[in-house]
Each structure stands twice: as structure tokens, then as C-alpha cells.
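Here the structure is a predicted model, which means the values were calculated and not measured.
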2 protein chains.
Amino acid sequence: MKKAHGKLIFGTFLKDRGLRFTKERSVILQKTLSCSGHFDPESLYLQIREAGLKASRASVYRTLSILCECGLIERVKKTERGTIYENMFGHEHHDHMLCIQCGNLIEFYSEELERLQEALCKKQGFQGTGHNLEIRGYCRKCRKKKR
Amino acid sequence: MKKAHGKLIFGTFLKDRGLRFTKERSVILQKTLSCSGHFDPESLYLQIREAGLKASRASVYRTLSILCECGLIERVKKTERGTIYENMFGHEHHDHMLCIQCGNLIEFYSEELERLQEALCKKQGFQGTGHNLEIRGYCRKCRKKKR
DNA sequence: ACATTAATTGAGAATGAGTCTCAATTACAA
DNA sequence: TTGTAATTGAGACTCATTCTCAATTAATGT
Ligand SMILES: [Mn+2]
Ligand SMILES: [Mn+2]
Ligand SMILES: [Zn+2]
Ligand SMILES: [Zn+2]
């Protein structure tokens, strides 16, 4: 199953570095993987508490860093209200369009876009390892409302 | 001249909104426009003090926000150490490649990339107004060192 | 030039995300 | 089970940014 596999990846990653698979890390991993979309550390922490589980804010922050390193989640961006993460396990890489009117977030993927970036990197002698693209503007709904 | 024109744009923008062109705003505008690349609020503030000019941190932050609104500068991104701005006056829109080894920042522009994004927006019924693309990886120099 | 008045300033307090400390706890290999 | 190094968590701390508000000042009209 998905979650089990996520656990395996995390467990292996930890063991490889002499880190320990603690109850707290397990809880945070689980809640993280059950997140469908984007999330922030504080909400995750509150979710854990509401579920009657145990993990401090400090552990949440620390564990999210590790989960980033092992690729199970990604730091999407920093906003004025803090860092936004995204569960990457089972999700494919994609980019975002953000509606500056309603906050709606559209995920999209374009093979052509990826290839083009690759070509642009080559032109600069640059070896790309990742990227973030956020397009801001107005979503379909908000455009209609404006009319 | 360039700076005079920047001043005009800012002055007009302020007047249109019933805001005032104060000495402090003038100083901040000037230092901002003389910035060639990227900068952060604190450095700008220190630069102003070192030049014997007068403007508080509060005013720097407040004025940078206004300069963003009127398009003379842009908030490039938030990092763990704060917000990075960029003087946009006289500069054309471009995107960035960031070397995760040495911190080197490469600016690039691709008409094709812009067109492709436009097309992707259309496909989603999205009206794009701006975007940020940061490609992370290893610059030419750092790739050689690795060898 | 002068008065009027609302916008602006700045010192320092407040906020808030994230990190750090360190004594107590715990995972885990032998 | 034991030994030991990794981990935890409460709260102190950091640091960027925003807020407060009394004093100052830009802009407008006379
Ligand atoms: Mn996403
Ligand atoms: Mn740039
Ligand atoms: Zn919208
Ligand atoms: Zn480099």
C-alpha cells in the first residue's frame, strides 16, 4: 500500500544515516502522507494534537526537514505567513498557478515546459536539479465574476 | 536620464493616490535605483545610513512596498534570511537560475518560455499577470570543480 | 509667505515563524 | 537487559517585519 511504502522509504532513509524511527516521527510522517494537497507546519501540528497524537512543534519542524531531504515532501515556497509544504509521495512533479483574487491553486504539468527549461540550462552550462514556477493571475471563475 | 525618469514615475504614482513625496522616500528611491542587482531591506537601510542619509527601517520597509506596487522594484522571493528585492527600472523581465553550491545567480530570458507559459494559462482559462521561475542546480564553475 | 490638515516619520514595542537549549527520555544494537 | 547516543519538548531565543502613536512635515489653498 501507499502509506506502508512511504514508511519504508522514510525508515530506510533514517537507518542509512544512523537516525531513529521514533513514535513522533512516525506520527508526523503519517499525517504528512495523509495530506492531499499543500500544508504548513502549524496546521500539521494542530491536526496531530486534535487527533490526540503526540509530537511537539519542534519535532514537527525537525521532521519536516528530514522528510524534505528524503524527497517525500517538498518545500513549495515561503509566504508572509510561513512555509508551504507539499506531500510528494505518489504525486508527480508539477507547477502552480495561483489566483490572486480567490487564492485558488491550480496544479499543472507540461512536458514541453520541462524540456524547454532543460534546454535553457544547457545553454548556460547549468545543471538543473529542480525548479519552482508559480504563475500568478486570475482563475477562470474570478475572470467571469469580473465581467 | 534614468534616475530622473524613475523619480517621475514614483512621483506620479504617489500623487495619484494622495501620497506624499517625502525626503525619506526620495532617499530610498534613489538608493534602490542605484542598486544594480538584487538587494534586501536591511542592506539598503545600512547603505543609507553609511551614506549619511536619513530614513528609518520602518520607512524602508514601507517604501519598498510602495515601490513594488508601482512596479519600480519586485519582490523576487523570500528566503530564510528575509525578502529579496530587485530593481526593475531599466531591467527587463527575466527568470533565475540559482547555484546551490556557490550561490551564484544567473539571469536569463526566453521568449519561447514566456509564450509557452501564456499557452499553458490559456489552456486552464487562467489569465496570467506575472510569474516567478527559479531553477536550482549547479553552475558551470561548480560543475568543473566537482570533476 | 502662512495657516491648515492629513500624511508621514521613527523609536521602540509587538508579533510570529522558526531555531536552539538541555535535562529527561527512548530507540536500538549487542 | 544494558549501554549509549539520538531524540524529545517546554520554553527561551532570534530575527525579519509590522505596529503604535506622538511629533513632524508635505502639500494645498489663501
Ligand atoms: Mn502542488
Ligand atoms: Mn534578477
Ligand atoms: Zn480565483
Ligand atoms: Zn556555483
**Study point:** For atom CG of B:Leu64 and atom P of D:dA16, their distance in whole Å
**Key:** 14 Å
Exercise for review: Establish, yes or no, whether the cationic atom of B:Lys15 lies under 6.0 Å from the six-membered ring centre of B:Phe21 and within 45° of the ring axis.
Suggested key: no
Point to revise | With sequence neighbours excluded, residues passing ring pair (Phe, Tyr, Trp, His ring centres under 6.0 Å) with B:Phe126 | key: none
Check your understanding: Will you find, in the side chains of A:Arg140 and A:Asn104, an N or O donor that is under 3.5 Å from an N or O acceptor?
Key -> no
Point to revise | Summary of side-chain hydrogen bond (donor to acceptor under 3.5 Å, both in side chains) pairs that have at least one residue in residues 116-125 of chain B, sequence neighbours excluded | key: B:Gln117-B:His131
**Study point:** Angle of first-five versus last-five pair axes in the helix from C:dA1-D:dT30 to C:dA30-D:dT1, to 10 degrees
**Key:** 40°
Check your understanding: Side chain of A:His96, backbone of A:His94: donor and acceptor closer than 3.5 Å?
Key -> no
Review point. With respect to A:His38, which candidate in A:Lys77, A:Glu86, A:Glu74 satisfies the side-chain hydrogen bond (donor to acceptor under 3.5 Å, both in side chains) definition?
Key: A:Glu86
Check your understanding: Regarding A:Tyr45 and A:Gln47, is there a side-chain donor-to-acceptor distance under 3.5 Å anywhere?
Key -> no
Study note, to complete from the structure: Contact check, residues 71-86 of chain A vs DNA chain D, heavy-atom distance under 4.0 Å, returns none
Exercise for review: For the pair A:Arg25 (side chain) and A:Arg20 (backbone), establish whether a donor and an acceptor sit closer than 3.5 Å, ignoring hydrogens and angles.
Suggested key: yes
Check your understanding: Just checking, is any N or O donor in the side chain of A:Ser59 or A:Arg62 under 3.5 Å from an acceptor N or O on the other one?
Key -> yes
Review point. Taking only residues two or more places apart in sequence, or in another chain, which ones meet A:Tyr85 in a ring pair (Phe, Tyr, Trp, His ring centres under 6.0 Å)?
Key: A:Phe39
Review point. What one-letter contact string describes nucleotides 1-14 of chain D from 5' to 3', where B marks a base within less than 4.0 Å of any protein heavy atom, S marks contact via sugar-phosphate atoms alone, and - marks no contact?
Key: ----BBSBB-----
Review point. For D:dT17, does either OP1 or OP2 sit under 4.0 Å from a side-chain N or O belonging to B:Tyr61?
Key: yes
